[in-house]
Amino acid sequence: MGTALVYDEEMTKYKLLWVDPACKIEVPERLTVSYEALVKNGLCQRCVSIPAREATEAEILLVHSEEYLEGVKKTPYMTLEDLKEFTLQYGDVYFHPNIYHCAKLAVGSALQLCDSVMTGKVRNGMALVRPPGHHSMRSAASGFCVFNNVAIAARYAKQKYGVKRVLIVDWDVHHGQGVQYCFEDDPSVLYFSWHRYEHQKFWPNLRESDYDNVGKEDGAGFNINVPWNKVGMKNSDYLSVFFHLLLPVAYEFCPELVLVCAGFDSAIGDPEGEMCASPDIFAHLTHLLMNLAGGKLCAVLEGGYNLTSLPQSVCQTVQTLLGDPPTRLSDLGAPCESALESLQCVRSAHRQYWSCLRQAAGLPDSHVSAKRIRSAGGEGERTEVGEEEKSAEEQAWPEPPQRVSPPVRCALVLPGGEAPPDGCEQISSREELHPLMLTKLREHFQSELDNCSALASLPSLMTLVEKMEKNEIRNGLAVVHSVTMAMMCVLQHVGDAPSSRTLVVCVGGGSVGSHAREDGKTLTVQISSEDTEKPTGKFYVPVHLKKGCGDASGFMQALLGLLLPLGYQYNPDLVLLVQMPNAGVCGGVWQQLVGVLQGFAQGHVLVLMQEGEQARVGPTASTLLGDPAPPLEHPLQAPLPEDVEAVETLRSRLQSDWSLLQNTGESTA
Ligand SMILES: NCCCNCCCCCC(O)(O)C(F)(F)F
Ligand SMILES: [Zn+2]
């Protein structure tokens, strides 16, 4: 299934007709440069083009009042003076004779996108629209927005398709108060927004945009605000919020549809956001959301005012929706103190609503409030003396690197005679193993080597690895006689390369410690129910879960809060995912893992399975081919306290080595 693109150049045909410094950045070129970039990068042609349409009045009335709609309906016939007069009743927005038409097209585009995804015509998609929507309220325009495109789409999906749970992720740098007001008492719509706030000093300057606004009545817990109290937030800050807040809650919420208020004023260079996250971060944010809701994801453009970073960010988003591997993010560091403080405040405010945020025994909540009070009154973090302040426009950042997709997406090494699933290539080579490799294997596997079938698939496996290194193949799956022997082979082979880094993820018990090296060429994370004898080290992380991989919520806690931060900071060039014998991992979780791990190493994921696990080959191959992982069962049980404790203990132990694991501000001594 493909990716939809909804765009109509009619939506470029309105603009500011008078002087208003607050509105001058919202120009038609925002849409044209974005669309032209998609065409230039050959992305537009790869999408399923879906026409825009005007929303009907009934659809607009799903969110807005009749009196508001009646007022806006009159604007096409207004004189310039009337338009100015009409505009004065709202804030930071302007009207134009053609804006009502465009606003109906913007809503209609979002609904067309929804239809295409919900009917299965496409898997996911993006609507390039203006005017944006997330600030507009039931009876008021605000912040360049006339109708609330995404809020209407959420109500529309619930009404027309009986969608029970909708997740709205608002990564625009402004708080979509219009969306918040619309759903704050509605537990079927989880609204998540991060936004520049600066302790209420930034527009729209609302007290209710702060983290303690968690929703009302039945909707308590279903409104998540992450305030950025400083500018200059970077990729690490954004990813930390995904790992330690949004993703755990999103998996627990288990949405049937994901809508994204895709504003790109949160990228570097934007005059509104003044943040420092690179455009390719949106490839990862999109990727991390794509395994929710069975892949049903609709991204609708909101803000974005730097005409260089906006098209780059749009392309990064669409290219990921199309299934291309995200680029590797380099030198991810620790989230900044201010981001950690916000993250800690939000997690505390939501702890009572989400079992995935259950606090391990440790800091009492009072610690947070104390910190919060001080920072509200405290001085800002001092910038280095003499560090000149660069304006957003003067910021420079590298063009995101090309994201090439290897000619072959997935290749398999299977025991003799088995045919590969559709869409996969099969690798089988007759070459002998390299004598040095044989010697190495003899050292560790004397007994098994007598059984010649043990070696049978290894030459093919080495061929597969070589083709991945040459980027001829994106990812692969090998069913072998002995996974530990195969793992040894692969690590021996890649280890010879000078600066290779392999993330080894072992699911299930069994000794893998032997190959885990301390030279940093491998980072091994083993998730199992066994206590492994090898002690935890910087490059060997045994995660002991009470029920091992059998308990979905414990596993997801380890995946999202531990494995993802480690993997992103380690930034491997290969991911080796090993299903140990009798790992007992449940299917849904396994496929989530295979899906999520493809965000690393430009998608170079090699899965090793033991013969006898053939049942798993089909689903694993489909996920490696880019099919979204099926949703986990709803509701996700609460993670076991022992598992929460285990993950927390590891995190606090490892966070000095791996700072992306941090999710709380430095504790006051
Ligand atoms: N320095 C000028 C002050 C501008 N203050 C209003 C900002 C509105 C932001 C709109 C947006 O980006 O959130 C949307 F996505 F809706 F377009
Ligand atoms: Zn914005």
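Each residue takes its place number in the sequence, starting with 1.
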If I compare all heavy atoms of [X] with all of [Y], which pair ends up nearest, and what's the gap?
X	Y	result
G561	R651	O-CD, 3.6 Å
T286	L297	O-CD1, 4.3 Å
P248	L245	CD-O, 3.2 Å
P255	V166	CB-C, 4.5 Å
P581	V483	CD-CG2, 3.8 Å
M580	T484	CE-CG2, 4.0 Å

Exam field: side chain [X] to backbone [Y], donor-acceptor pair closer than 3.5 Å:
X	Y	result
S528	E530	yes
Q579	M609	no
H634	C254	no
Y238	S266	yes
S116	A4	no
D551	G554	yes
D280	L329	no
S236	G333	yes
D573	S500	no
N124	K296	no

Do the ring centers of F192 and W171 come within less than 6.0 Å of each other?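 Ring centroids of F192 and W171 are no less than 6.0 Å from each other.
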Taking atom types as modelled, is there a side-chain donor on [X] or [Y] under 3.5 Å from an acceptor on the other?
X	Y	answer
R474	S405	yes
N235	S278	yes
T623	Q591	yes
D324	Q319	yes
Q569	S659	yes
T463	E431	no
Y540	Q526	yes

Nearest 0.5 Å please: distance from the [atom1] atom of [X] over to the [atom2] atom of [Y].
X	Y	atom1	atom2	answer
K164	L257	NZ	CG	12.5 Å
C298	M118	SG	CE	8.5 Å
C424	R409	SG	CZ	10.0 Å
M485	L461	CE	CG	12.0 Å
L458	M437	CG	CE	8.5 Å
L608	L477	CG	CG	8.5 Å

Just do the salt bridge (Lys or Arg N to Asp or Glu O under 4.0 Å) check on R123 and D627 with the steps written out, would you? CA-CA 9 Å; R123 167 178 303 153; D627 296 345; 3.2 Å; yes
State, yes or no, whether a side-chain contact exists between [X] and [Y] at a heavy-atom distance under 4.5 Å.
X	Y	value
L560	F555	no
V507	L577	yes
C489	M462	yes
V596	L564	yes
R328	F600	no
H604	N475	no
L624	V607	yes
V541	T524	no

Tell me whether the count of non-hydrogen atoms from other residues, nucleotides or ligands lying under 6.0 Å of [atom1] in [X] goes above 12.
X	atom1	result
K121	NZ	no
D519	CG	yes
K521	NZ	yes
Q402	CD	no

Would you give me the side-chain donor-acceptor pairs under 3.5 Å for residues 490-497, sequence neighbours excluded?
from, atom 1, to, atom 2, distance (Å)
H493, NE2, E469, OE1, 3.1
H493, NE2, E469, OE2, 3.3

Is there a side chain to side chain contact (heavy atoms under 4.5 Å, CB included) between L654 and K538 once you walk through the steps? CA-CA 7 Å; L654 290 163; K538 175 175 182 181; 5.6 Å; no
Go through the steps to decide whether F242 and H284 satisfy the test ring pair (Phe, Tyr, Trp, His ring centres under 6.0 Å), and finish with yes or no. CA-CA 10 Å; F242 265 56; H284 290 271; over 10 Å; no
Assess whether side chain to side chain contact (heavy atoms under 4.5 Å, CB included) is satisfied between Q45 and V39, documenting all intermediate values. CA-CA 7 Å; Q45 300 81 325; V39 173; 4.1 Å; yes
Verdict with reasoning, Q592 to Y251, per side-chain hydrogen bond (donor to acceptor under 3.5 Å, both in side chains): CA-CA 10 Å; Q592 288 293 333; Y251 274 97; 2.7 Å; yes
I'd like to know whether V318 forms a side chain to side chain contact (heavy atoms under 4.5 Å, CB included) with L322, so could you lay out the CA-CA distance, the side-chain angles of the two residues, the decisive distance to 0.1 Å, and finally the verdict. CA-CA 6 Å; V318 171; L322 282 163; 4.1 Å; yes
Run the side-chain hydrogen bond (donor to acceptor under 3.5 Å, both in side chains) test on R403 and T320 for me, step by step, so that the C-alpha distance in whole Å, both residues' side-chain angles and the decisive distance to 0.1 Å come before the verdict. CA-CA 10 Å; R403 295 164 58 181; T320 302; 2.7 Å; yes
Could you pull out all residues at least two apart from K467 that satisfy salt bridge (charged side-chain N to carboxylate O under 4.0 Å, His left out)?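 K467 satisfies salt bridge (charged side-chain N to carboxylate O under 4.0 Å, His left out) with E472 once adjacent residues are dropped.
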Run the numbers on D115 and Y161 for side chain to side chain contact (heavy atoms under 4.5 Å, CB included), then give the verdict. CA-CA 9 Å; D115 285 339; Y161 299 101; 2.5 Å; yes
Aromatic plane relationship, W354 with F253 - under 30° parallel, 30 to 60° tilted, over 60° perpendicular: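 Perpendicular: the ring planes of F253 and W354 meet at over 60°.
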